[in-house]
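So you know, we letter chains A, B, ... as the sequences are listed, proteins then strands, and number each from 1.
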There are 4 protein chains.
Amino acid sequence: MKTAAIVGASGYTGRELLTLLSRHRHLRASVVMTARAGAAPEPAAFPNDPKIDALDLQRLANVDGVFLCTPHGAASEIARAALLQGKKVVDLSADFRLRDPAVYARTYGAAHPAPELLAEAVYGLTEHARDRVRTARLVANPGCYPTSILLPLLPLLAERLLDASAPIVADSKSGTSGAGKAPSERTHFGNVHENFCAYGIGTHRHVPEIWQEARTERIVFVPHLLPTFRGILTTLYLTPAPGVSADAMRSCLHERYAREPFVRVYGGTAGETRGLPELRCVQHNNQCHIAVAQNGPLVVVVSAIDNLQKGASGQALQNMNLMLGLSESDGLS
Amino acid sequence: MKTAAIVGASGYTGRELLTLLSRHRHLRASVVMTARAGAAPEPAAFPNDPKIDALDLQRLANVDGVFLCTPHGAASEIARAALLQGKKVVDLSADFRLRDPAVYARTYGAAHPAPELLAEAVYGLTEHARDRVRTARLVANPGCYPTSILLPLLPLLAERLLDASAPIVADSKSGTSGAGKAPSERTHFGNVHENFCAYGIGTHRHVPEIWQEARTERIVFVPHLLPTFRGILTTLYLTPAPGVSADAMRSCLHERYAREPFVRVYGGTAGETRGLPELRCVQHNNQCHIAVAQNGPLVVVVSAIDNLQKGASGQALQNMNLMLGLSESDGLS
Amino acid sequence: MKTAAIVGASGYTGRELLTLLSRHRHLRASVVMTARAGAAPEPAAFPNDPKIDALDLQRLANVDGVFLCTPHGAASEIARAALLQGKKVVDLSADFRLRDPAVYARTYGAAHPAPELLAEAVYGLTEHARDRVRTARLVANPGCYPTSILLPLLPLLAERLLDASAPIVADSKSGTSGAGKAPSERTHFGNVHENFCAYGIGTHRHVPEIWQEARTERIVFVPHLLPTFRGILTTLYLTPAPGVSADAMRSCLHERYAREPFVRVYGGTAGETRGLPELRCVQHNNQCHIAVAQNGPLVVVVSAIDNLQKGASGQALQNMNLMLGLSESDGLS
Amino acid sequence: MKTAAIVGASGYTGRELLTLLSRHRHLRASVVMTARAGAAPEPAAFPNDPKIDALDLQRLANVDGVFLCTPHGAASEIARAALLQGKKVVDLSADFRLRDPAVYARTYGAAHPAPELLAEAVYGLTEHARDRVRTARLVANPGCYPTSILLPLLPLLAERLLDASAPIVADSKSGTSGAGKAPSERTHFGNVHENFCAYGIGTHRHVPEIWQEARTERIVFVPHLLPTFRGILTTLYLTPAPGVSADAMRSCLHERYAREPFVRVYGGTAGETRGLPELRCVQHNNQCHIAVAQNGPLVVVVSAIDNLQKGASGQALQNMNLMLGLSESDGLS
C-alpha cells in the first residue's frame, strides 16, 4: 500500500480525491491537509470524511505522492518543498499548466511563483502524455474545460482532418462545482437554479491552456454555467479538411482511443453505443464520452466528462497511479 | 373588451395564454377548449384555471380571435373553420410556418392538411412582420428556437455584416417546457435533473423554418436540453464580413431595435445594460435580450427568451393584439 | 393613481413588489430606494428593473404609502420618519410583529428600536385583521412561515376543534428565497441543489410570532430547506377535540374562507378542487391553498403559499391596498 | 469470488446494484437479466453498463445469490425457482415484507403469489436482524420509507422511551427515484422541478410494513415528493415517556448503534458530529444519519438515507454479504 497526501482537501477536488482513494486498493490518503499555511484544522465537511489537518510541509516526508488541490499561486511553493523531499507531485491547480511564464503572468495576474520548475512539469492529459507522466516528478493536471476539448480535438488535429484555416468553435457548458466551494454571487442558488448563461467570453483563463496544447489559436471558446453540480458538455463545430467526412473523423477517434479505458467514442460500427453523450453517463466516473455527427458543412463533435473526475481528480489519480508504478485505472473503474 | 378562444388550453402554451389574458385589459379568454374533437372536457390543470371545455367549432362564432395551441397537423382544420367565420387566427403550431407544402411534408411526415391557406399565412416574427400581421387573417406564430435565432440574426444578414460564405453556428439550449406537457423518457425527472445533452443534430424540425426565414441554408443548428423549465439561450458564432467588427454588429442591432419594447440589446454605449443575457432576466416576460462580443476571429452573439412567452404565447399575443387593433404590448408589459 | 415608495428594493421581496406594482392599475412605485442610509444607488438587478436610488427619507413626502423591505432593525427608524409625514406604512421586516419588546429583544438580540410604535402596529394577516388594517397607519406584515401556519390553524383554534392539550406539529418546507439574496454557505448552489435538510429546530425566530398569534405555545415548529426558489408547504399534524373529524375541520375552513379570494380550501363538496396543494399551484400568485385529511388518530392539514407573495410582498400589497382605500385584490389577481 | 444474478437490472435499484458490485472484491454480477419473462434483452441504460439479457430462470443455476429488483408480484415466482435451486435470495420488491397474506392482499390488491414462503422470509433491516439474515434462504429487503423510520424508532420503542399512547408522527420527504424509472405524470420534469407536495396521505403502501415492524399502529405517516433524485429525510415527532429527555433518547441511539458501520448518531458527546443530517451526506453511500433534538414538549428525530442505497440496494448487499458468508460491508464502504 502506497500513501498520498492531499493538500487542500476541503475543496471539491480534494473531497473527490478522498472518495476515490477510499476505494483504492494500493493507495491511501495518509495525510490530509488544508491548502494554506496558518489555516486552522477544519472539521470534516461531511460526517464520513477524515479531519483536515493544518498544512505542515514536514508531514510530506512520510508519503509517496502529493496531490495539490490548492488555489493557483499557492501550489508552487508546496510543490517545490515536496520535490525537494523526492516526492511525486500532481498539481490540480493552474500553476504548471502554461509553459511560458509570461503567459502565466498575463493570465493569472502575477509573476509565476516557481518558474524554475516549468521546464520539467508534464501536462498530464494522460492519454496523450502517458510515457512522460510515468517518469515525471511533477505533473500539471489539465483544466476541466481543456480536458473536454482536447480529448476529442487532438487526434483530429494530429491527423490533419480539419481545415487548417477555419475557426474551431468550442461551446462548453459546465456545472457549478467548477466554480468551487466558496459562496459567491455566481453560485448563489437563486442565481443558478432555473437559470443559464454564458460568461467570460474571450477572457476565460483556460483559453491560453487550450491554445498551447492544441498548438493553434484558432479555437474560439465560450463557457456557459449549467444549473447542475457536476459535468461539462462541450459541443465542437469543426470545418473538415477537403474530402473529410464525419465518418472519417469518427473512425480516427475510434482508432486513437480503441484501447483507452477512459475514453469512449460513440457510433459508427455494429455494437457501438448509439446516441449522444449525456452528463449523467459520465458523472461520478472517469470517462470521457465522444460522439461525431455531420451537420451541413460542419462536423459537430460532442464530448462529456465529469469535471470533478476526468476533468480534475480522476485524471489526477490516473497520473499519480502511473507515477507511482501502480495500475493506471486503480481506484477508477 | 374583445374576446378570444384558446384551443388546446391544457398544454403549456395554452396555460401561458390564460395567464397573460387574465392580466389583459382589453382582451379576455371567453372560450377555452381542448385541442382535439371528441376529447372530454378537462378539469383545470391548476385550481385557479378555468375549466377546459370539449372542442366545439361553433363556439368560435362568439369570439374575435382564435389562438390555436394544438399539435401540428391538428390546427389546420380548426383554422379553416375559424377563418370561414371571419375570425382572426394565430396558430402556435407548426402548420403554417413553412411556405412550401413539400418542405412541410418532408419535415412533418404528412401531406399538408390545408395547403390552400399557406399563401396568405403571415410568419409572425412580430418585429419583422408588423405591417403584414396587422392586416393578416392568419398568422403562423414562429417556433421557439427560430425566434431566438432570427431576432439577432436577421438585421445582421439584412445589413450584409456577415461573411456570405461562412457557416453560421447556432448552439441553442432550451428548458424542458419546449417538449410539452406529456410525460416521456426525455422529460422524466430522473433523465433531466442534474443532466444535460444535445439532441436532434441535423434533424430538428425547426431547421427548415430557420433556413426559410433567414434565406440561407448555411445555418448549422444544434439544440440542447437544459435542466430548467423555461427559457432558451442561443449562442451564435458569426464570421464577420471583411472590416466588420463586433461593435458594428452591436450598433446595427441597437439601431434596428431601438424603439422595440420587447427586444433589448446590451452594451455599447453609456447607460446601457452591461453583461450577458441570462434566462432569469427573460423568464415570465416577453423580452428578447441580446449581447454581442468579439471572440478571436468570430463574433459571438448571445440571445435569451422565455420559450413560453416570446417564443410562443407572448409573441402570439403581440400578433393577436395587432390583428384586433389593440395596443401591441397590452397584457405583456 | 396613488404612489408608493419601496425601501429596500434590491432584495427579493422588494423586487417582487416592483413586479406586482408594474401590473397595478391604481398604485405605482414612484420612489425606489436602497434599505440603508449611505448605501450607493444600485444598478437594477435585472435589465427591466428601475434603478434603485440611495435612501433619502425626504422623498417619502411625495408618496401615499411606504413599503419597508429592509432587514429587521433597520425598518423602525424609517417607519417613524414616514409616519411623521403622515404616510401609510407596511413593514415587511420583523420589527413590528412581536407586541412585547422583551420578546423582540430575546428573539432578535437587540433592544427594540421603536417601542413607542408597537402598540399601534397591526399584525397584517389580512384575512384575520382586515378591519384593523383598513384604519391602521402601520402594519406589521406577517412572516412567511407564520402565514402558512396561521391561515389554516386560526379558524380551527377559534372554533375549538383541536384537543386543547395536545401538541400541534408544524413541519414546514421552504424554498431558498426565504433566506434572501446575499450569498452564504446555506444558499450556495452546491449545498442546496439535490439536497434537503431541517434547520433551526427550536430556535427559529418565527416561533414567538406563531405562538403570539395562535395564543398558544403548544406549536412545535420545524423548518426545512427545499431545493426550490419559491414556496412554502406546511404539513400540520393536529389532534382533534373529542368527536371532531377531518370533515368537520374542512367544513370549518371552507366556511371561514368561502368569500376570501386568496384562500382556497380543497375537497369536501361536489365541484371542489381535489387532491393536495402543490407549490406550483401557488407560485407567482397570492393564493394560500389548504387541504385536510384524516390520518389515523390525527388530522393532517397541508397548506401551500408562495413565500414571496402571500408570505411577503403579495400580502403586503393586500394590506397597502386596504390602507389606501383601493380594492384589496388590485394588482394581485 | 462469488457470483450473483440481478433480475430486473434496468430499473434504478438494479443499476445501483450493478454499480456497487463493480466495486466489490468478492462478489460480482455474473447474470444480469430483465424482470419479466418474455421481455426482450435490453441495451445497457448507460454506455458503461453490461447488456441486460432476457429473463432465463435456468441461468440462476450458476450463481450463488439472486437479487430480485422486480415489481411487486413478479418476484415471488422467481424467488421460488431460485430457492428450489438452493440459491440465496434477497428480494427488493414488496412481496415478502408483510407476514400476513391478508394484509398483502389488502395493500397490493391481489392474492399473495407465494404464501408458502412467507413464514421463512426474514425482514432484512440488517442492524435489527443480522443473525436471522445470516442463516436465511430468503430475505425481504425493507422498503425505503420504512428503513428511514424504523432505524431511529426501533431502539426507542424497545427501551420504552416513548409515551405509549401518543401518536408518532413520521413526516418523510423523498427524491423521485423512489417512484421508479418509468415516465409518469408524477415524475414529469415540469411537475417535479421547482415543486413540492405531499401525497398518499393515509394510503401509502409502506404503512402496513411500518406498523408491522414497529408493532404499533400509532404511527402517522405522510410522504412528500422532493425535487431531488436521491434521498429520503424523515422528521419524527415523538412524545417522550414521563421523565425522558432528548438526551436520553440520543444516548439510547448512540449506544444501540455504536458499533454499526452504517448508522451514525449525531451530537451528544465531545467529538461527535454536530448539526443535522442532510441528504448530501448520505447520497451515494449506505449510511443512515440520525439526529435528536428537544422541541418544546416533543422530541424531534431527523434521519437521512439514500433511498437507492441504504433504502434499497445497499441494504440488499449488506444482507447478501451476510447470507454468502462475506464481510457485511464489502462493496459498501
- Task: Identify the heavy atoms of Asn295(B) and Phe221(A) that sit nearest to each other, and give their distance.
- Result: ND2-O, 3.1 Å
- Item | Side chain proximity check, Leu233(B) to His224(A), heavy atoms < 4.5 angstrom | yes
- Do Glu194(B) and Leu279(A) come close enough that some side-chain heavy atom pair is under 4.5 Å? no
- Message: With heavy-atom distances below 4.5 Å as the criterion, would you say the side chains of Leu276(B) and Cys197(A) are in contact?
- Response: no
- Task: Measure across Tyr237(A) and Val222(B) and return the closest heavy-atom pair with its distance rounded to 0.1 Å.
- Result: OH-CB, 3.3 Å
- Does atom CD of Gln212(A) have more than 12 heavy-atom neighbours from other groups under 6.0 Å away? yes
- Taking every heavy-atom pair that is under 4.5 Å apart, which of Val207(A), Thr235(A), Leu225(A) has the most such pairs with chain B? Thr235(A)
- With a 4.5 Å heavy-atom cut-off, do Val169(B) and Asp171(A) have their side chains touching? no
- Considering only heavy atoms and a distance below 4.5 Å, find which of Ala304(B), Gly231(B), Pro167(B), Ala291(B) pairs most often with chain A. Pro167(B)
- Item | Under 4.5 Å from a heavy atom of chain A, the part of Pro277(B) involved | backbone
- Query: What residue in Ile219(B), Val300(B), Leu226(B) has the most heavy-atom pairs under 4.5 Å with chain A?
  - Reply: Leu226(B)
- Task: Starting at CG of Asn195(B), measure out to CD of Gln283(A) and round the result to the nearest 0.5 Å.
- Result: 6.5 Å
- Item | Interatomic distance, Glu278(A) atom CD to Asn191(B) atom CG [nearest 0.5 angstrom] | 7.0 Å
